[in-house]
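Beneath this line is the structure, given in structure tokens, with notes to follow.
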Amino acid sequence: MSEEVKKDLPGGTSERSLNFLEEIIEEDLKSGRYKSIVTRFPPEPNGYLHIGHASSICLNFGLTKKYPGYTNLRFDDTNPVTEETEYVDSIKEDVKWLGFEWKNERYASDYFDTLHGYAIQLIEKDLAYVDDSTSDEMAAMKGTPTEPGSNSPYRNRSITENLDLFARMKAGEFPDGSKTLRAKIDMGHINMLMRDPVIYRIKHAHHHRTGDKWCIYPMYDFAHGQSDSIEEITHSICTMEFVPHRELYDWLIEQLGIYPSRQYEFARRNINFTVTSKRKLLQLVTEKHVTGWDDPRMPTISGLRRRGYTPESIRDFCDRIGVAKRENMVDVGVLEFCVREHLNKIALRRMVVFDPLKVVITNYAGEDEILHSENNPEDPNGGVREIPFSKEIYIERDDFMEVAPKKYFRLAPGQMVRLKSAYIIKCEEVIKDAEGNITELHCTYIPESKSGSDTSGINVKGTLHWVSLKSSISLEIREYDRLFKVEDPTDEEGDFKEYLNPASLKVITTAVGEPALANAKFDDRYQFIRKGYFCLDKDTSSSRIIFNRTVTLKDGWAKEQKK
RNA sequence: UGGGGGUUCGCCAAGUGGUAAGGCACCGGGUUUUGGUCCCGGCAUUCAGGGGUUCGAAUCCCUUACCCCCAGCCA
């Protein structure tokens with residue numbers, strides 16, 4: 001392991017114990033079973049990748065980064081009715097963005113001819129037959145977990161007849177659903193997946209890659225393991241729900257006599273206050289509960305990217321939560337911790353006032369002046385930027401209280417605060433309108449307290465961010481909160497959408513920022529001092545500068561107030 | 001009630017017969033021109049429960065409980 005990788009490990013520790021897959025691989029390598037390994041990331045192109053997939057990606061690609069070998073990207077595109085090229089493109093973009101490179105880009109559909117040949121092999125060995133039963137009939141004959149199923153009346157067709165029928169299925173002679181090809185295993189098998197599983201079905205549908213060449217398509221169980229085998233995948237890693245499939249996976253490989261890939265399962269990662277099911281995410285998109293797959297509130301990779309998450313932070317997250325076989329519900333706070341940690345190191349500091357309150361510095365007689373402030377106190381080489389200061393500035397309305405509680409370090413009548421990178425000011429007078437609303441503050445400043453050359457000897461507890469009124473630019477801020485009100489929307493009564501958080505998006509149109517923000521770039525990450533981490537949103541236009549809040553800063557004051 | 005998988009701190013997660021790592025969260029304290037960062041300290045006599053084997057058990061055996069998955073021509 002390189003020093004660089006070590007540094008990235010959770011807690012900055014140099015050691016992390018092996019997860020169960022790494023243990024298996026080290027054993028395989030040590031015993032000489034394999035000299036190098038091959039893994040694959042096998043998404044179905046029927047939706048966008050989400051944070052749960054990130055775990056799988058980091059796992060599969062991470063393993064071949066750590067051990068000799070490589071990883072393929074393979075699209076499991078065996079069901080043409082739900083799959084689209086748009087999804088293929090987004091998946092490739094997301095994997096690349098996360099920082100991984102696949103050795104080969106493959107599609108299960110690349111193997112349709114081979115798979116078809118395998119099916120014929122099975123028929124010839126009398127291990128598969130064409131069944132005319134309807135899906136209802138088949139379900140009825142399937143039995144239940146506690147009762148064995150019964151044989152289909154079509155189970156004993158001759159090999160010749162099966163070959164003929166299967167050929168005619170392929171030729172398009174039969175309508176959808178009228179026939180299937182089933183493996184002939186055992187209708188009384190204790191594992192329901194072994195009760196003559198369907199391996200080919202008829203679908204007269206246009207496929208995103210093979211077009212109209214096929215009207216029969218292999219089922220997952222007859223495509224996935226075989227594709228693994230064709231690619232000589234050594235460790236085929238999938239989620240726990242496929243554990244019962246492993247028996248069938250092994251059976252097919254054995255009957256076909258093909259390369260013996262092996263399947264290993266781990267528990268998918270669940271995160272609270274969101275959903276990670278492509279079906280549910282698709283629903284949120286099509287029913288417009290969000291603006292799209294890349295809505296910054298979505299747990300999709302594209303949503304997280306637009307929100308301002310970095311690939312580094314997502315990889316760190318996957319690393320920290322680990323891999324195991326037990327059910328889990330990871331606190332979204334861990335994800336937030338990971339971005340904060342990364343962004344703290346790289347974000348440029350800027351000042352933005354969200355809810356401006358005008359402050360007039362009554363004794364500031366001089367010309368406007370240019371002050372300087374560090375771009376990032378965490379980065380000694382980050383340089384400084386210029387900030388104009390003048391007689392009239394804005395501060396956050398929240399940063400002033402007429403009647404201040406104990407331990408309130410911000411501005412209050414007669415109280416002093418430091419203006420970040422500028423001067424110490426003292427609140428002298430509160431100006432109100434006819435209704436009693438505070439419209440502005442009159443303050444005085446201490447000329448000797450200039451940041452960097454302070455000879456005033458005055459020590460203040462509070463430091464406020466501010467923006468010079470004259471040179472401020474107006475900004476739109478989009479603040480995001482958790483998408484759902486409850487930890488596990490799927491576990492609640494009724495429809496999961498009833499638990500959407502109505503306050504997941506808050507748009508602030510009153511914000512004003514320092515002029516340096518006029519040159520904000522899409523790839524830059526910012527920390528708006530005392531506010532949080534932000535990035536430019538793609539909706540930004542020449543007339544509107546829009547920032548997304550990636551995550552807030554930790555708020556010790558809010559915590560203090562709760563006591 | 002069949003089969004399979006699982007149960008270690010609020011949430012993740014090490015541990016593989018020698019006497020409970022680590023991270024997040026939380027709670028104290030220090031530094032600080034971000035109530036941020038950073039630093040220091042605290043946080044499971046106990047491993048779902050009960051028996052047993054052993055000098056010694058989270059780890060081995062027995063047993064009970066609970067959770068999840070499997071009856072799509074989805075993946």
Side-chain angles (χ1 to χ4, degrees), chain A residues 9-11 13 15-19 23 42-44 46 76 78-79 81-82 131 133-135 138-140 142-149 176-182 189-193 195 198-203 217 219-221 223-224 238 240-247 265 267 269 272 278-279 319-338 340-341 344-345 349 351 373 377-378 407-410 417-422 424 449 451-452 454 460-465 527-532 552-561:
Chain A
L9 289 174
T13 54
E15 294 293 322
R16 191 203 70 195
S17 43
L18 301 180
N19 63 47
E23 272 177 15
E44 183 189 8
N46 67 345
D76 234 332
T78 57
N79 185 359
V81 304
T82 56
D131 195 332
S133 307
T134 64
S135 59
M138 227 182 266
K142 192 96 184 194
T144 68
T146 53
E147 298 162 306
D176 287 8
S178 61
K179 284 181 169 49
T180 57
L181 182 70
R182 294 226 260 169
H189 201 108
I190 211 145
N191 179 352
M192 294 199 67
L193 280 149
R195 320 239 263 230
V198 172
I199 57 178
Y200 259 95
R201 75 297 210 180
I202 301 172
K203 274 182 195 283
Y217 292 93
M219 295 286 289
Y220 166 83
D221 287 302
H224 199 103
C238 62
M240 294 300 285
E241 64 267 30
F242 291 99
V243 171
H245 292 250
R246 193 173 61 230
E247 193 171 9
E265 312 85 9
R269 314 328 273 176
N272 58 187
K278 281 197 267 185
R279 205 197 100 250
D319 220 5
R320 280 172 191 269
I321 64 178
V323 178
K325 301 181 87 140
R326 66 184 83 98
E327 279 149 40
N328 58 81
M329 178 67 83
V330 180
D331 195 322
V332 66
V334 181
L335 220 205
E336 293 174 344
F337 171 85
C338 293
R340 283 196 189 100
E341 186 172 68
N344 177 49
K345 290 188 194 121
R349 311 295 133 123
M351 293 200 282
S373 189
E378 305 292 317
K407 292 202 215 166
Y408 185 78
F409 306 147
R410 282 112 98 143
V417 293
R418 155 78 60 186
L419 293 176
K420 172 71 181 172
S421 298
I424 290 172
S449 68
S451 188
D454 186 349
V460 292
K461 286 283 250 182
T463 299
L464 306 187
H465 59 283
Q527 183 198 102
F528 292 169
I529 290 176
R530 301 210 303 139
K531 284 299 194 177
T552 60
L553 249 27
K554 264 182 31 185
D555 191 346
W557 173 235
K559 202 178 279 182
E560 180 70 30
Q561 282 175 303

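Proteins get letters first, then strands, A, B, ... in listed order; numbering begins at 1 in each. Just so you know, these numbers use all the heavy atoms, side chains as well, and skip hydrogens, waters and symmetry mates.
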Within the 4.0 Å heavy-atom criterion, would you say [X] contacts the bases, only the backbone, or no part of the nucleic acid?
X	answer
F337(A)	sugar-phosphate
V81(A)	nothing
I529(A)	base
Y408(A)	base
G452(A)	base

Starting from the 5' end of RNA chain B, give me the residue, D555(A) or V330(A), whose nearest nucleotide shows up first.
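On the 5' side of the pair lies V330(A).
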RNA chain B: 5'-proximal contact among A422(A) and K554(A) (nearest heavy atom):
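Nearest nucleotide further toward 5': that of A422(A).
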Roughly, in whole Å, what's the span from [atom1] in [X] to [atom2] in [N]?
X	N	atom1	atom2	value
I321(A)	A25(B)	CD1	C1'	16 Å
R340(A)	G23(B)	CZ	C1'	15 Å
E336(A)	C26(B)	CD	P	11 Å
M329(A)	U7(B)	CE	C1'	16 Å

Considering all heavy atoms, the nearest [X]-[Y] contact:
X	Y	answer
T552(A)	R340(A)	O-NE, 2.7 Å
R16(A)	D319(A)	NH1-OD1, 2.8 Å
R201(A)	T78(A)	NH1-O, 3.4 Å
V198(A)	R182(A)	CG2-CD, 3.8 Å
T82(A)	N46(A)	O-CB, 3.4 Å
M192(A)	T144(A)	SD-C, 3.7 Å

Can you check the distance between [N] and [M], where both ends of the measurement are the [atom1] atom (answer in whole Å)?
N	M	atom1	answer
A48(B)	A13(B)	P	14 Å
C11(B)	C26(B)	C1'	12 Å
G23(B)	A14(B)	C1'	11 Å
G3(B)	C62(B)	P	16 Å
C47(B)	G6(B)	C1'	15 Å
A20(B)	A44(B)	P	12 Å
C43(B)	C68(B)	P	35 Å
C66(B)	U1(B)	P	9 Å

If you check the [X] side chain, which of [options] turns out closest?
X	options	value
R326(A)	A13(B), A25(B), U34(B)	A13(B)
T146(A)	G36(B), U1(B), G35(B)	U1(B)
P377(A)	A25(B), G36(B), C12(B)	G36(B)

Distance check: side-chain N/O of [X] vs OP1/OP2 of [N], anything under 4.0 Å?
X	N	answer
R530(A)	G35(B)	yes
R418(A)	G35(B)	no
K559(A)	C27(B)	yes
R195(A)	G3(B)	no
R16(A)	A14(B)	no

Mind checking side chain to side chain contact (heavy atoms under 4.5 Å, CB included) for D555(A) and listing every partner two or more places apart, or none if nothing turns up?
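Expected list: W557(A), A558(A).
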Is the backbone N or O of [Y] less than 3.5 Å from a side-chain atom of [X], with the two atoms forming a donor-acceptor pair by type?
X	Y	answer
S449(A)	I424(A)	yes
K420(A)	M351(A)	no
R349(A)	Q527(A)	no

How should the glycosidic conformation of G72(B) be described, syn or anti, under the criterion that syn lies within 90° of 0?
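It is syn.
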Parallel, tilted or perpendicular for Y220(A) and F242(A), by the 30°/60° rule?
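Answer is tilted, since the angle falls between 30° and 60°.
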Between [N] and [X], counting only base atoms on the nucleotide and side-chain atoms on the residue, is there a donor-acceptor pair under 3.5 Å?
X	N	answer
R410(A)	G35(B)	yes
R349(A)	U34(B)	yes
Q561(A)	G35(B)	no
S421(A)	U33(B)	no
Q527(A)	U34(B)	yes

Given that both distances must come in under 3.5 Å, which nucleotide forms a Watson-Crick or G-U wobble pair with A75(B)?
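A75(B) is unpaired by these criteria.
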Base paired to A65(B) (Watson-Crick or G-U; both N/O distances under 3.5 angstrom):
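Per the H-bond distance test, U7(B).
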For nucleotides 30-32 of chain B, which of its nitrogen or oxygen atoms have a protein nitrogen or oxygen under 3.5 Å away, and what is each distance?
none

What string of B, S and - do you get for nucleotides 68-75 of chain B, 5' to 3', if B is base contact, S is sugar-phosphate-only contact and - is no contact with any protein heavy atom under 4.0 Å?
SSSB-BSB
Can you tell me how far apart CZ (F337(A)) and NZ (K554(A)) are? Round to the nearest 0.5 Å.
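Between F337(A) CZ and K554(A) NZ, I get 7.5 Å after rounding to 0.5 Å.
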